[in-house]
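Below is one structure; the comments refer to it alone.
In what follows, every chain begins at residue 1, and chains take the letters A, B, ... in the order their sequences are listed.
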Amino acid sequence: MNKMDQKVIELRQEIKSKSPLIHNMTNVVVTNFTANGLYALGASPVMAYAKEEVEDMAGIAAGVVLNIGTLTAEQVEAMLLAGKAANRKGVPVFLDPVGAGATPYRTDASRRLLEELEITFLRGNLGEISNLTGEQIEMKGVDSKDTRENAAEIAKKAARMFGTNVVITGETDVVTDGDSVYSVFNGTPELTKVTGTGCLLTSVLASFCAVGSDNLLEAAVCALGFYGIAAETAAGQSSGPGSFQISFLDQLGTIEDNKLKQNFRSKKEE
Amino acid sequence: MNKMDQKVIELRQEIKSKSPLIHNMTNVVVTNFTANGLYALGASPVMAYAKEEVEDMAGIAAGVVLNIGTLTAEQVEAMLLAGKAANRKGVPVFLDPVGAGATPYRTDASRRLLEELEITFLRGNLGEISNLTGEQIEMKGVDSKDTRENAAEIAKKAARMFGTNVVITGETDVVTDGDSVYSVFNGTPELTKVTGTGCLLTSVLASFCAVGSDNLLEAAVCALGFYGIAAETAAGQSSGPGSFQISFLDQLGTIEDNKLKQNFRSKKEE
Amino acid sequence: MNKMDQKVIELRQEIKSKSPLIHNMTNVVVTNFTANGLYALGASPVMAYAKEEVEDMAGIAAGVVLNIGTLTAEQVEAMLLAGKAANRKGVPVFLDPVGAGATPYRTDASRRLLEELEITFLRGNLGEISNLTGEQIEMKGVDSKDTRENAAEIAKKAARMFGTNVVITGETDVVTDGDSVYSVFNGTPELTKVTGTGCLLTSVLASFCAVGSDNLLEAAVCALGFYGIAAETAAGQSSGPGSFQISFLDQLGTIEDNKLKQNFRSKKEE
């Protein structure tokens with residue numbers, strides 16, 4: 001898929017020049033990292049949670065990210081308001097069902113958001129997405145314990161069940177609309193040692209989709225490859241999880257085009 | 001204004017020796033960065049939000065910072081309680097109207113705080129302050145899209161309208177009480193690539209005012225120069241937005257007096 | 001106490017291999033730093049606050065950490081639910097009474113949690129613990145101004161009064177169950193220049209206790225020594241509070257066994 005190593009460079013450049021506004025309703029653990037990651041990428045992050053303003057903010061955004069990592073009942077209502085406002089305005093909505101399956105509350109809230117909103121992309125780990133499709137996969141808090149190698153099947157099932165595009169991230173990432181399936185092989189285990197790398201990825205995905213709306217699956221493949229290559233590069237320059245996090249933010253901002261070109265590893269499976 | 005390059009050194013030293021307690025009611029994106037920035041500077045940060053305790057905490061602080069970056073209705077009430085307690089005790093109050101103009105909710109909340117409280121300093125970007133004075137400036141989330149070069153006029157208008165001192169930050173920073181106007185020319189574009197640099201600046205401003213209350217405008221000029229020089233120095237030592245953030249925290253704590261002396265660039269305009 | 005320098009290596013290894021799930025209900029300032037510190041250590045952090053799910057999450061955790069740093073009334077109720085669920089399931093509960101004594105609200109909330117829950121460890125600075133036992137020690141926000149050298153006596157008094165194990169951290173750390181007393185001499189002043197180092201320590205303590213439940217006091221001594229040595233090592237490699245924080249996270253993940261062995265400094269006092 002030679003095409004992708006060109007497309008990732010173009011989309012990344014477009015994010016820098018257009019600076020799409022991404023409205024994040026995310027958990028309290030990762031707000032700072034998410035905002036800094038988006039600024040590094042060249043996107044324009046905003047966080048807004050109050051039911052009095054989320055419809056206004058979602059309506060002017062280029063993408064809305066809903067993340068249930070530290071959900072409260074009040075936030076579910078605000079997310080529904082924001083999501084419906086985005087749907088009315090044609091602004092794409094991204095759902096990150098952090099810890100779905102870890103508690104019934106998270107599973108139920110995720111399903112409610114999937115039912116009541118038009119979600120452009122659902123992005124989670126294998127455990128989270130499996131639990132949403134009705135399998136009983138054990139979670140370790142917000143981390144998946146699922147080690148099966150059928151991510152593509154689960155992703156397609158979820159895409160069809162909820163009528164949305166799906167990304168499952170793991171050692172290999174999978175992208176699907178329920179029919180076509182892409183795999184992306186970039187990334188590094190260091191990503192699992194820093195909190196919020198999944199959450200930030202969902203916001204990076206929103207940024208790539210904002211400038212690549214003509215083909216959302218390819219935009220997602222580019223987002224995953226870009227993110228993984230930035231992480232690989234950072235891992236080679238750091239001496240532990242603290243310096244990896246910092247180096248990763250640096251790479252999100254500064255990674256060179258030729259590194260993207262040389263290291264992109266993805267494949268159209270179906 | 002040779003005087004300032006001496007004064008900044010004195011005030012910075014006084015912050016380190018007196019360690020003023022700054023009570024921050026700030027947004028969830030920047031709490032950690034704000035606390036670490038204040039600790040680095042030598043001030044003593046505290047965060048408290050509950051209506052049950054904000055009056056007690058504000059009453060013992062050397063400065064109270066109200067930041068509406070992720071405001072909720074409940075927080076507006078708590079901010080009013082804290083602000084009124086501070087006003088009763090003569091504790092200066094600083095307002096950071098993050099994203100005023102981006103949504104009506106933020107504009108209205110900022111105006112209500114300005115009306116019901118005595119604010120010592122209002123600190124924002126040009127878009128935020130312009131929207132508060134009634135102009136219709138387009139915002140990009142919490143970032144200003146205003147590129148006009150009349151920051152001094154807008155700042156004076158806001159100062160007179162709301163009966164407060166005003167700082168507008170941008171490529172050139174402006175400080176005014178509605179009559180006198182100072183410009184500060186320090187800073188670096190890297191500050192716009194890290195979330196919360198404006199928010200932290202408002203808390204740094206509160207720290208300088210806590211030890212420089214005999215002349216608040218000069219204290220503000222010193223805060224802006226100090227902050228900008230720390231950022232310039234950090235920019236010269238970093239390789240992206242992640243390492244800039246870390247180097248900036250280092251510089252807030254360790255920057256040498258002679259660097260402050262040599263690099264301070266400010267001017268009394270009127 | 002040569003035994004401890006072996007035990008710390010074993011417990012640290014067990015954390016890496018078992019990856020205990022630590023459920024943190026902590027303040028908004030330190031959530032990210034806490035999660036990253038636990039990931040670096042090899043533990044598995046989760047944050048959950050909603051009353052609809054905290055009982056489920058606490059019930060599957062290996063330790064529950066309650067931290068009142070930015071408490072609200074709603075969170076007190078959720079903490080009581082989580083704590084009681086943990087008590088029913090035999091999951092140890094750790095209380096960090098951030099700023100107890102700074103406002104009556106914090107003191108009262110801490111006492112209520114101590115009364116209504118079985119707390120495995122109470123961990124605070126000297127000012128916080130002293131205020132809980134009824135002394136009137138002046139606080140500077142959340143930082144202690146107590147300089148007396150009777151931490152062991154205060155700790156024993158608190159342990160007996162509340163029926164819990166107690167850790168008081170400071171230049172010398174003290175661990176007690178009300179009878180036996182251990183001192184730990186590791187650490188560095190840089191820890192006081194980064195927000196959340198006390199909070200993260202409480203979660204690290206929970207991690208060590210999760211794998212060292214056969215002797216909780218010794219597990220606590222190991223946690224304190226490990227944490228202090230990681231900080232000492234980081235201090236030798238950093239050039240300010242920003243880079244210290246990052247280097248500290250690196251060391252939590254990567255510090256070598258022989259460094260732990262050579263630098264552990266603790267003593268059984270009584």
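The OG1 atom of B:Thr70 sits 9.0 Å away from the CD atom of A:Glu53 when rounded to the nearest 0.5 Å. Summarising the geometry, atom OG1 belonging to B:Thr195 is positioned 9.5 Å from atom CG belonging to A:Leu38; distances are rounded to the nearest 0.5 Å. Annotation: the span from B:Asp108 atom CG to A:Glu52 atom CD amounts to 10.5 Å, rounded to 0.5 Å.
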(request) Go through the steps for A:Asn32 and B:Asn32 under the test side chain to side chain contact (heavy atoms under 4.5 Å, CB included), then give the verdict. (result) CA-CA 8 Å; A:Asn32 186 270; B:Asn32 186 269; 5.8 Å; no

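Contact between B:Thr103 and A:Asp56 at its shortest, heavy atoms only, is CG2-CB, 3.8 Å. Between B:Arg106 and A:Ala48, the shortest heavy-atom distance links the atoms NH2-CB, 3.5 Å. Pairing each heavy atom of B:Ala102 with each of A:Met57, the nearest pair is CB-CE, 4.1 Å. A:Thr254 approaches B:Ser239 most closely through the heavy-atom pair CG2-O, 3.8 Å.
For the salt bridge (Lys or Arg N to Asp or Glu O under 4.0 Å) test, residues two or more places apart in sequence or in another chain that qualify with A:Glu14 are A:Lys18.
For B:Thr192, the part lying near chain A is the backbone, with the side chain staying farther off; criterion is any non-hydrogen pair under 4.5 Å. Looking at B:Gln245, only its side chain comes within 4.5 Å of chain A, counting heavy atoms on both sides. With a 4.5 Å cut-off on non-hydrogen atoms, A:Ile60 touches chain B through its side chain but not through its backbone. Proximity to chain B is absent for every atom of A:Thr26, based on heavy atoms less than 4.5 angstrom apart.
With B:Pro241 as the fixed residue, the side-chain contact (heavy atoms from CB on, under 4.5 Å) test singles out one of A:Asp250, A:Asn36, A:Ile246: A:Asp250.
Within a 6.0 Å sphere centred on NZ of A:Lys84, heavy atoms belonging to other residues, nucleotides or ligands number more than 12. Enclosure of atom CD in B:Glu171 is not indicated, since only 12 or fewer non-hydrogen atoms of other residues, nucleotides or ligands lie within 6.0 angstrom. Within a 6.0 Å sphere centred on NZ of A:Lys16, heavy atoms belonging to other residues, nucleotides or ligands number more than 12.
Ranked by heavy-atom pairs shorter than 4.5 Å toward chain B, the options A:Thr31, A:Leu252, A:Val28 are led by A:Thr31.
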